[in-house]
Asker: 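My questions all concern the structure below.
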Amino acid sequence: MQLTDSIQYVKGVGPKKTAELKRLGLHTVYDLLTYFPRTYEDQSVLTKIADLQAGETATVGGTITNVSERQGGRRGMTILTALIGDGTGILQVTWFNQKYLKNKLKVGRKVFATGKAAYAYGGRGQFAMSQLHSFEILDEEAEPASRTGIVPVYPATEKLNQKFFRKVIVGLFEEELAIHDLIPQRVMRAYGLLTRQQALQDMHFPADFTALQAARKHLAFEELYLIQCGLLLLKRQARENSKGIRHLLSSELVAKVRGALPFRLTDDQARTWQEIQRDMESPLPMRRLVQGDVGSGKTVIAMLALVKTVENGYQGALMAPTEILASQHYEGFLRQLEPLGIRIGFLSGRLTKKKREEMYARIVAQEVDIVIGTHALIQEGVSFAKLGLVVTDEQHRFGIAQRAELEKKGHLLPDVLVMTATPIPRTMTLTVYGDLDVSLIQQLPPGRQPIRTFVRKPDRRELIYDYVHQQLAAGRQAYVVCPLIEMNEESDLPSAEEVYDELRYGIFRDMPCGLVHGKMKAADKEQVMQDFYEDKIKLLVSTTVIEVGVNVPNASIMVVEHAERFGLAQLHQLRGRIGRGQYKSYCILVSEMKTENARERLKIMAETSDGFKLAEEDLRLRGPGQFFGSMQHGLPDLKVADVLGDMDILLKARQAAQETVASREERQDILPILALQYKEQFENITDI
Ligand code: ADP
Ligand code: MG
């Protein structure tokens, strides 16, 4: 049997089961082989019935002492009950509508039952299995004590139960399956891996937990190794295929801009700037990620790099994920660079067609040096005369495909700089951005006042807003963030609109207030932001549109309504809007904290301002699915490896992948495997 054979040829799988398996996304023999257990049950240890603990899963071995059948329930179900004794107590096991079992359940037969124990009505020493995971009737002569085993528990469905999966997968390993190793022999030896055959088998049916550990390690390594190979080969292809731009050493113009900054770069900023310059001066195209927490000062680094490309006679592009952020960058750049004769252009979806086309024409004619904009920058029609550098701000909002789109706009491959404030745990940086080099800005600029964060229940709102009012009276500005825009009948959450009305007609009636949310027209949104910027608005009620990048140093206080509705990473981003100037800043998270999870998350928010730590907590509390999912990374899902726990395996896998990519022979071996395993992501790599 071939791994690519349809699942319908597997023994024990008829047409009905085939259809059910397909609904789970299982089409081939290989899919079934890699349908890994959700967890395992240790049935090697038998528990005495008298020692059962309610709520705990255990395996019991004993003898059937009684079997009874009755009709019950609304629909007249057949209820079958067996009592099992092991000399220490009685266990009651019940089946619904499984008449066929009746003939098999004979008094005196030895059985094993694994499940979650619960108290039975009967009294002491009597238990029931509330969730029966497995039940096995032994042959007459077998002894209960002779049994050992770790039993896989599959993600089963109503129609495809545990027994089915166990039986069918056991059957697979009895076939002559050609399971080839994916990892080159050299790597297997160097990293002490199992054969793939062994690893797959032990993943399903381990002899003990050590074997299971080794199998999991092998498969996690394999997965991470292959993805790393793919990413490194992509990077290699981008480099070797293409001629990059060799920027000259930075000189006058860059020095002028740097000299005009009202501050000195922090050490981290300076080091990052060095790394970027080195990349830009190399003939290979730069592909660098700058990862720096909110407020760490990434914009100025982007500006220097863009000036450097202009100094070399090229054009630069800066792409931001939101209109607000793009125009804020635009204004900042205009202020600082236009006096030096650098021409700045702006491009966004909100421009009229005529204006847009004018801008296209100026870009083609190289009448602008730096173009700042939104997604509109990668629309058809935009064509650069001489694109030297592309910067994308807050990259996680853009997928890999969009980044590639922008890179294609030049003739020589432009340098690429990606900036993100999403503090991603390092394992994830390497898996998500494995094709980029990384610079970290960890320090914040000096003189920042730490933000104090409080969690408060809604019954304190009046006091909270009184305090906000005092702050505004003292000259500061404030944000109030709400999870929803409009009134919503389904939900009793106050919307941004309601909160806005409540505040501006209430306690803040003597203060200019503003409202901004995603459903407003771009121009209106812009106007409100502009007014807040210029201190014409004191209190800004908003949804998360202000999340990314907005910079108003005079804003020193933020109230987040229904804070439990936001993820930690998102709250951290929001909170990053304050504490940007010399003022003491306060963030107040308002929440009922009805669930334990909400309480825990908000507590962590109040206690830490370390974005990396928050990201890890977020990952832990929300699970990788949601966390990863929100990043639009376009990478394959991990089936075995764990983005938090497998750092050591990842580092080894990456090392091995680097060796593979450096060796022509191994490269050639791995390419077809990648194309097969990760068709969507890596099928377009060719060896060069
Ligand atoms: P982010 O990394 O979140 O994009 P910004 O680039 O918007 O942060 O910078 C936040 C603020 O810090 C800006 O007002 C910026 O002018 C200021 N800033 C940046 N670098 C420094 C520095 N080295 N010293 C003092 N202030 C700085
Ligand atoms: Mg920024």
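Start at 1 and go down the list; that is how both ligands and their atoms are numbered. All of these numbers come straight from a predicted model, not from anything done at the bench. Sequence positions, counted from 1, serve as the residue numbers for this chain.
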Asker: Under the criterion side chain to side chain donor-acceptor pair (under 3.5 Å), which of Gln442, His572, Gln573 is the partner of Asp293?
Answerer: His572
Asker: Between Lys603 and Glu607, does any NZ, NE, NH1 or NH2 come within less than 4.0 Å of an OD or OE carboxylate oxygen?
Answerer: yes
Asker: Based purely on interatomic distance, does Gly297 place a nitrogen or oxygen under 3.5 Å from a nitrogen or oxygen of ligand 1?
Answerer: yes
Asker: State whether the number of non-hydrogen atoms from other residues, nucleotides or ligands found under 6.0 Å of Lys386 atom NZ is greater than 12.
Answerer: yes
Asker: Relative to ligand 1, is Leu265 under 4.0 angstrom through side chain, backbone, both or neither, heavy atoms considered?
Answerer: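 For Leu265, only backbone atoms sit under 4.0 Å from ligand 1.
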Asker: Check whether any side-chain heavy atom of Val516 lies under 4.5 Å from a side-chain heavy atom of Thr543, and answer yes or no.
Answerer: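 Not in contact.
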Asker: Would you kindly say whether Thr374 and Glu323 are connected by a side-chain donor-acceptor distance under 3.5 Å?
Answerer: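 Judged by distance alone, the side chains do not pair up.
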Asker: Look only at the side chain of Gln315 and the backbone of Val368, and say whether a donor-acceptor pair between them is shorter than 3.5 Å.
Answerer: yes
Asker: What atoms of ligand 1 come closer than 4.0 angstrom to any heavy atom of Thr266?
Answerer: 23 (N)
Asker: Report yes or no: does Pro553 have a heavy atom closer than 4.0 Å to ligand 1?
Answerer: no
Asker: Looking at Ser296, which atoms of ligand 1 are within less than 4.0 Å of one of its heavy atoms?
Answerer: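 Atoms satisfying the 4.0 Å criterion: 2 (O), 8 (O).
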Asker: Report the part of Arg264 in contact with ligand 1, treating N, CA, C, O as backbone and CB onward as side chain, heavy atoms under 4.0 Å; options are side chain, backbone, both, neither.
Answerer: backbone
Asker: Looking only at distance, does Gly295 have an N or O less than 3.5 Å from an N or O of ligand 1?
Answerer: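 Indeed, backbone or side chain, Gly295 has an N or O that close.
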Asker: Out of Asp293, Thr299, Thr420, who is nearest to atom 4 (O) of ligand 1 when you count heavy atoms only?
Answerer: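 Residue with the shortest heavy-atom distance to the ligand atom: Thr299.
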